[in-house]
Number of protein chains: 2
Amino acid sequence: MKSLEERFGEILRNLREKNGITQEALAADCDLDRTYISLLERGLRQPTIGTLFKIAEALKVPPSKIIKELESN
Amino acid sequence: MKSLEERFGEILRNLREKNGITQEALAADCDLDRTYISLLERGLRQPTIGTLFKIAEALKVPPSKIIKELESN
DNA sequence: TTTAAATTCTGACTATAGTCTTCAAGGATA
DNA sequence: TATCCTTGAAGACTATAGTCAGAATTTAAA
């Protein structure tokens, strides 16, 4: 089965695309590097909870919703 | 107001005490270092989401519940 | 009080989160 | 074709998550 990082990456990419923004725009919104967003989406990094909160806010979704989605599947 | 790390630390300590276990026992349960649990509880570190999941499981609470509690206050 | 258990503190260390630069690859569009 | 936009990728780097050993301090019982 997929790792936590990979599953987080899928969720992140889905949410970003649903918001219709590029990795670069998302990175700017949450004050992170564009290449790091790429790493996250490909499951090559896992965020700290502080970074989770920044990303969730930029994507206009509660951080707990992302975590909840990680708990299933 | 308190930082995310400090608020996480308080939640962690409350949950651990509710479970009636020591930092050392908790650390053993989630395969982390005892001094690191101490750092977390004092708000001097923030966990990655992987570490959050390990801690939550040891404390028998859904990770999303901890995050949800962080969203309020 | 003293002893033991629990936690804090220090400091040095390893692993990994997160940055930055630059270039290459792929998909649109003209 | 040529150009633009977006993402992937390499590599070197900085910041911080997480470890480890041990001493100092606090807390709770005896």
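Below, chain A is the first sequence line, B the second, and so on; all start at residue 1. Everything numeric in this text was worked out from a predicted model, so none of it was measured.
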Query raised in the report: Taking 4.0 angstrom as the limit, do R7(B) and E69(B) come out as a salt bridge?
Result: no

Query raised in the report: Starting at CG of L26(B) and ending at P of dT7(C), how long is that distance when rounded to a whole Å?
Result: 10 Å

Query raised in the report: Just to confirm, is there a sub-4.0 Å distance from OP1 or OP2 of dA6(C) to any side-chain nitrogen or oxygen of R13(B)?
Result: no

Requested in this report: Could you tell me the separation between the CD atom of E41(B) and the P atom of dC9(C), rounded to a whole number of Å?
Outcome: 12 Å

Query raised in the report: With respect to the phosphate group of dT6(D), does any side-chain polar atom (N or O) of R16(A) fall under 4.0 Å of OP1 or OP2?
Result: no

Query raised in the report: Hey, does Q46(A) reach any base, or is it just sugar-phosphate, or nothing, if we go heavy atoms under 4.0 Å?
Result: sugar-phosphate

**Report entry** Main-chain N/O of T35(A) paired to D33(A) side chain as donor or acceptor, under 3.5 Å
**Finding:** yes

Query raised in the report: In whole angstroms, how far is the P atom of dA9(D) from the CD1 atom of I37(A)?
Result: 16 Å

Query raised in the report: Distance check: side-chain N/O of T22(A) vs OP1/OP2 of dC5(D), anything under 4.0 Å?
Result: no

Report task. Between T48(B) and L44(B), name the one whose nearest nucleotide on DNA chain C is closer to the 5' end. Result -> L44(B)

Query - Residue-phosphate contact under 4.0 Å: S38(A) side-chain N/O, dG8(D) OP1/OP2 - result: yes

Query raised in the report: Whole-Å distance between dC9(C) P and R45(B) CZ?
Result: 13 Å

Requested in this report: In whole angstrom, give the distance that lies between atom CG of L39(A) and atom P of dA15(C).
Outcome: 20 Å

Report task. Take atom CD of E24(B) and atom P of dT8(C), then tell me their distance rounded to the nearest Å. Result -> 13 Å

Within the sub-3.5 Å range, which N or O atoms of nucleotides 21-29 of chain C have a protein N or O partner, and how far apart are they?
none

Report task. State plainly whether the residues K2(A) and E10(A) are in salt-bridge range, i.e. N to O under 4.0 Å. Result -> yes

Requested in this report: Using atom CD of E5(B) as one end and atom P of dA17(D) as the other, report the distance to the nearest whole Å.
Outcome: 7 Å

Requested in this report: Check whether any side-chain nitrogen or oxygen of Q23(A) sits under 4.0 Å from OP1 or OP2 of dC5(D), and answer yes or no.
Outcome: no

Report task. Check the side chains of R34(A) and S38(A) for a donor-acceptor pair under 3.5 angstrom, ignoring hydrogens and angles. Result -> no

Query raised in the report: With distance as the sole test, does E6(B) use its side chain to make a donor-acceptor pair with the main-chain N or O of S3(B) at under 3.5 Å?
Result: yes

Requested in this report: Please state whether the phosphate of dA17(C), meaning OP1 or OP2, lies under 4.0 angstrom from any side-chain nitrogen or oxygen of T51(A).
Outcome: no

Query raised in the report: Would you say the side-chain atoms of R16(A) pair up with the backbone N or O of I21(A), donor to acceptor, closer than 3.5 Å?
Result: yes

Report task. Figure out the CG/C1' separation between L12(B) and dT7(C), and round it to whole Å. Result -> 14 Å

Query raised in the report: Is Q46(B) reaching over with its side chain to a backbone N or O of L4(B), donor-acceptor style, under 3.5 angstrom?
Result: no

